Amino acid sequence: MFQPKRIKYRKAHRGRRRGNSLAGSQVTFGDYGLKATSPAWVTARQIEAARRAITRHFRRGGQVWIRVFPDKPVTSKPAETRMGSGKGAVDHWVAVVRPGRILFEVAGVGQELAKEALELASQKLPVNTTVISRSDGQAASE
C-alpha cells in the first residue's frame with residue numbers, strides 16, 4: 001500500500017478541491033495516459049487496484065507509471081463514539097486529484113491494448129477520466 005515514509009504533521013485539514021490541476025497535466029513518461037476530468041480524493045487502495053488492473057491486462061509487456069501519490073492523511077473516529085475528545089487517528093491515505101491531472105501513464109504496448117487497460121483502471125477510481133495520447137495531447141481516438 002502506498003503511504004509516505006515520514007511526514008511533518010500526523011494529521012491534516014481537509015482542504016478544498018477547487019480549480020484545475022496545473023502540475024502533472026501532460027503525458028511526459030509514457031505514450032498514453034489516464035487523465036482525470038473531475039475532482040476527488042483517490043485512496044491508496046484505489047490506486048493499487050487500478051495499477052493491478054493495468055498490469056494484469058498487459059500480461060507481460062508494457063510499462064506503467066503512477067503519477068499520483070497518496071500523501072494526505074484522512075482520520076476517522078471509531079463507530080459509536082461520542083462527540084468531542086479530539087480528532088481521530090489516521091485511518092487511510094489519499095491523493096488529492098483535480099481535473100486535468102494525469103493519474104497513470106503506459107508505454108510499450110499498442111494503442112488498443114493501452115486504451116482497454118486504462119479504461120479498466122478507470123473503473124476502479126472515483127473520478128471521471130479520459131484516455132489521452134502523448135502525440136496529440138488530446139483524447140485517444142475512439
Side-chain angles (χ1 to χ4, degrees), residues 1-81 83 85-142:
M1 209 59 65
F2 293 119
Q3 73 179 46
K5 285 190 178 72
R6 49 187 304 277
I7 50 171
K8 193 167 184 181
Y9 299 107
R10 278 190 315 132
K11 299 171 183 178
H13 291 241
R14 288 177 187 269
R16 300 179 80 168
R17 287 183 296 216
R18 292 173 44 177
N20 296 328
S21 179
L22 297 172
S25 58
Q26 307 253 316
V27 179
T28 52
F29 299 102
D31 300 325
Y32 302 97
L34 190 65
K35 187 176 206 169
T37 57
S38 64
W41 280 355
V42 182
T43 67
R45 286 172 179 258
Q46 291 164 342
I47 294 169
E48 177 63 13
R51 185 198 65 79
R52 283 185 181 183
I54 293 170
T55 53
R56 284 209 176 125
H57 195 71
F58 285 170
R59 294 198 176 93
R60 285 193 176 280
Q63 189 173 6
V64 181
W65 288 270
I66 303 169
R67 296 285 308 273
V68 290
F69 186 79
D71 56 354
K72 183 186 189 76
V74 175
T75 61
S76 71
K77 299 188 79 165
E80 299 178 14
T81 304
M83 290 277 115
S85 70
K87 191 168 183 171
V90 173
D91 184 46
H92 60 276
W93 296 83
V94 297
V96 179
V97 173
R98 292 189 175 91
R101 180 77 190 203
I102 303 293
L103 304 169
F104 292 92
E105 290 186 25
V106 297
V109 293
Q111 179 177 352
E112 281 303 309
L113 190 62
K115 191 166 180 277
E116 288 168 6
L118 291 172
E119 282 173 358
L120 278 174
S122 73
Q123 293 172 2
K124 310 288 184 194
L125 300 169
V127 289
N128 299 330
T129 58
T130 58
V131 177
I132 63 168
S133 64
R134 181 191 199 117
S135 58
D136 52 17
Q138 302 298 319
S141 59
E142 304 300 302

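Numbers here are sequence positions counted from 1. Keep in mind that the numbers below use all heavy atoms, side chains included, and drop hydrogens, waters and symmetry copies. Here the structure is a predicted model, which is why all the values come from computation and not from measurement.
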Where do [X] and [Y] come nearest, in terms of heavy atoms and distance?
| X | Y | answer |
| --- | --- | --- |
| Ala40 | Pro126 | CB-O, 4.1 Å |
| Ala95 | Ile47 | CB-CD1, 4.3 Å |
| Trp93 | Phe2 | CB-O, 4.4 Å |
| Asp71 | Pro4 | CA-CG, 3.9 Å |
| Val127 | Pro39 | CG1-C, 4.4 Å |
| Val64 | Phe104 | CG1-CD2, 4.3 Å |

TODO: Would you please test Ile102 and Phe29 for side-chain contact (heavy atoms from CB on, under 4.5 Å) and show each step?
DONE: CA-CA 11 Å; Ile102 303 293; Phe29 299 102; over 6 Å; no

Find the distance between [atom1] ([X]) and [atom2] ([Y]) and round it off to the nearest 0.5 Å.
| X | Y | atom1 | atom2 | answer |
| --- | --- | --- | --- | --- |
| Lys87 | Ser76 | NZ | OG | 11.0 Å |
| Asp31 | Arg134 | CG | CZ | 7.0 Å |
| Leu34 | Leu118 | CG | CG | 5.5 Å |
| Lys115 | Leu120 | NZ | CG | 11.5 Å |
| Thr43 | Leu125 | OG1 | CG | 9.0 Å |
| Thr75 | His92 | OG1 | NE2 | 9.0 Å |

Open item on the list: Using a strict threshold of under 4.0 Å (side-chain N to carboxylate O), is an ion pair present between Glu48 and Arg51?
Closed with: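 Here Arg51 pairs with Glu48 in a salt bridge, since their nearest N and O are under 4.0 Å apart.
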
Examine distances only and state if a side-chain atom of [X] and a backbone atom of [Y] form a donor-acceptor pair shorter than 3.5 Å.
| X | Y | value |
| --- | --- | --- |
| Lys77 | Met83 | no |
| Lys35 | Val27 | no |
| Thr37 | Asn128 | yes |

Open item on the list: Would you say NZ of Lys72 has more than 12 non-hydrogen atoms from neighbouring residues, nucleotides or ligands within 6.0 angstrom?
Closed with: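 Yes, the 6.0 Å shell around NZ holds more than 12 heavy atoms from other groups.
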
- [ ] Could you tell me which residues satisfy salt bridge (charged side-chain N to carboxylate O under 4.0 Å, His left out) with Arg67, sequence neighbours excluded, listed by chain and number?
- [x]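 Only Glu105 meet the salt bridge (charged side-chain N to carboxylate O under 4.0 Å, His left out) criterion with Arg67.
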
- [ ] Could you walk me through whether Val96 and Trp41 pass the side-chain contact (heavy atoms from CB on, under 4.5 Å) test, one step at a time?
- [x] CA-CA 5 Å; Val96 179; Trp41 280 355; 3.8 Å; yes

Task: Any side-chain heavy-atom pair of Val97 and Val68 under 4.5 Å - done: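 Yes, side chains in contact.
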
TODO: Could you check if a side-chain atom of Val74 sits within less than 4.5 angstrom of a side-chain atom of Asp91, using non-hydrogen atoms only?
DONE: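 Sidechains of Asp91 and Val74: no contact.
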
Task: Pairs involving residues 6-19, ordered by first then second residue, that meet side-chain hydrogen bond (donor to acceptor under 3.5 Å, both in side chains) (sequence neighbours left out) - done: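 Those involving residues 6-19 do not exist here.
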
